[in-house]
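To start, the structure under review is shown below, and the notes come after it.
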2 protein chains.
Amino acid sequence: MERVSTDDLADDLLRSAARLSRWASRHAAHDLPWAQARVLSLVEELGPARITTLAAADDTSQPTMTTQVQRLEAEGFVTRSSDPADARASLVELTPSGTAALAAARRARARTLEPVLTGLDADPARVRAAVDLLVELVEATRTAAVPEPAGTAS
Amino acid sequence: MERVSTDDLADDLLRSAARLSRWASRHAAHDLPWAQARVLSLVEELGPARITTLAAADDTSQPTMTTQVQRLEAEGFVTRSSDPADARASLVELTPSGTAALAAARRARARTLEPVLTGLDADPARVRAAVDLLVELVEATRTAAVPEPAGTAS
DNA sequence: CCACGATACATAGGAATCCTATGCACCTCA
DNA sequence: TGAGGTGCATAGGATTCCTATGTATCGTGG
């Protein structure tokens, strides 16, 4: 039955993606908390951005993003400047040390996985194909019209 | 340069895996907290197990696993029984409602991703190949001898 | 020009998930 | 029988996340 198979594929995909991600986060030798790394990554991609923009892009609440940005600013990884278009808003940007911290965290995570990849003796084309699919899926989730979970309606 | 390419592959893989996993967790319509789901999944795989065994399998600390199991027990999703071999230990097992809660959470997550998969019109063989690689990687991480992060040495 | 509703961000209080340190009961071994 | 190790629980704390609410600012319509 085709539908059951698709459910199983989706479940297997999510389960293994979650496990791999968690494993790498817990074994990588870097000090950057993963939510902090995620925010730095977004700021790098989006360029100077408002807190509400970052919150939307990260699918997180505005107060949560406010606190994350405050921490990153305290650590010197981002700066905030007034948005000339709106006195209420500020624009978050990476500092050179923020860029360095993000790069270091990425290298550490990549280095954690590399021995596993080479240990599998995986065909690089095969890995590339898998990564391409994951990237397409992530892109597609950005535009997917997912109905709000029904159980959360007030 | 081959090494740079492998770093990039590993980085892309982990980044997209993390994003996909987070997206699904946040959009799936179920009430089971993701750490609870993870523990239920482990208990399902391992059969009756001790807290220290579950902690090791989940790469988490023993007190953290104690608290998680306490919560699951309070919700009626697991039971604990004395280990006849050791009065200090107890064995954690799934209850029927734990099994049902886990299955419901898995279905919800899979259903969240399914429209994205079908929207991509992805060749099921291509998805299957990607999942197979991820599963192999996860298996390989269990046996990988990863050096402890150097920065954490006391 | 002013008032009202909307918006951007901050604070408060709390939940979930994770940690280390430590304590107590039990186990193993010499 | 005692010392060292093990299994689990508790205490205190960090990180990440939430909703509710408050304040300052903006936009729009009358």
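Within every chain, numbering begins at 1; the chains are lettered A, B, ... in the order of the sequence lines, protein sequences first and strands thereafter.
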Distance in Å, Asp132(A) CG paired with Leu13(B) CG, rounded so as to fall on 0.5 Å steps: 11.0 Å
Side chain to side chain donor-acceptor pair (under 3.5 Å) assessment of Thr66(B) paired with Gln62(B): CA-CA 6 Å; Thr66(B) 292; Gln62(B) 169 264 313; 3.1 Å; yes
Under-4.0 Å salt bridge between Arg109(B) and Asp11(A): no
Nucleotide dG7(D), atom P - distance to CD of Gln70(B) in whole Å: 17 Å
Below 4.0 Å: OP1/OP2 of dC9(C) and any side-chain N or O of Thr66(A): no
Integer-rounded Å distance: dT20(C) P and Met65(B) CE: 14 Å
Any side-chain heavy-atom pair of Gln36(B) and Glu75(B) under 4.5 Å: yes
Interatomic distance, Arg71(B) CZ vs dT17(C) C1' [rounded to whole Å]: 8 Å
Sugar-phosphate, base or nothing in reach of Ser90(A), heavy atoms under 4.0 Å: sugar-phosphate
Exam field: side chain Thr67(A) to backbone Pro63(A), donor-acceptor pair closer than 3.5 Å: yes
Selection from dC8(D), dT17(C), dA11(D) that lies nearest to any side-chain heavy atom of Trp34(B): dT17(C)
Arg106(B) bridged to Glu44(B) by N-O distance under 4.0 Å: yes
Length of the line joining Asp58(B):CG and dC19(C):C1', which is rounded to integer Å: 14 Å
Distance in angstrom units between Asp31(B) CG and dA15(C) P, rounded: 16 Å
Phosphate OP1/OP2 of dA16(C) contacted by Arg38(B) side-chain N/O (<4.0 Å): no
Length of the line joining Arg26(B):CZ and dC18(D):C1', which is rounded to integer Å: 9 Å
Separation of dT15(D) C1' from Leu32(A) CG (nearest whole Å): 12 Å
First encountered from the 5' end of DNA chain D, between Gln36(A) and Ala49(B): Ala49(B)
Give every donor-acceptor pair under 3.5 Å between a side-chain atom in residues 92-105 of chain A and any protein atom, sequence neighbours left out.
from     : atom 1 : to       : atom 2 : distance (Å)
Thr95(A) : OG1    : Gly76(A) : O      : 2.6
Thr95(A) : OG1    : Phe77(A) : O      : 3.1
Thr95(A) : OG1    : Ser97(A) : OG     : 3.3
Thr95(A) : OG1    : Gly98(A) : N      : 3.0
Ser97(A) : OG     : Gly76(A) : O      : 2.9
Thr99(A) : OG1    : Thr95(A) : O      : 3.2

Thr64(B) side-chain N/O to dC19(C) phosphate OP1/OP2 under 4.0 Å: yes
Any Thr52(A) side-chain N or O less than 4.0 Å from OP1/OP2 of dC9(C): yes
Sugar-phosphate, base or nothing in reach of Thr60(A), heavy atoms under 4.0 Å: sugar-phosphate
Selected nucleotide, minimal atom distance to Ile51(B) side chain, candidates dT10(D), dC9(C), dC8(D): dC8(D)
Protein-to-nucleotide contact annotation, 5' to 3' order, nucleotides 23-30 of chain C [B base; S sugar-phosphate only; - none; under 4.0 Å, heavy atom]: --BBS---
Pair Glu136(A) + Arg126(B), salt bridge at N-O below 4.0 Å: yes
Ser61(A) side-chain proximity, nearest of dT10(D), dT11(C), dC18(D): dC18(D)
Listed nucleotide nearest any side-chain atom of Arg80(B), set dC18(C), dA9(D), dT15(D): dA9(D)
Spacing between Leu54(B) atom CG and dT6(D) atom C1', to the nearest angstrom: 16 Å
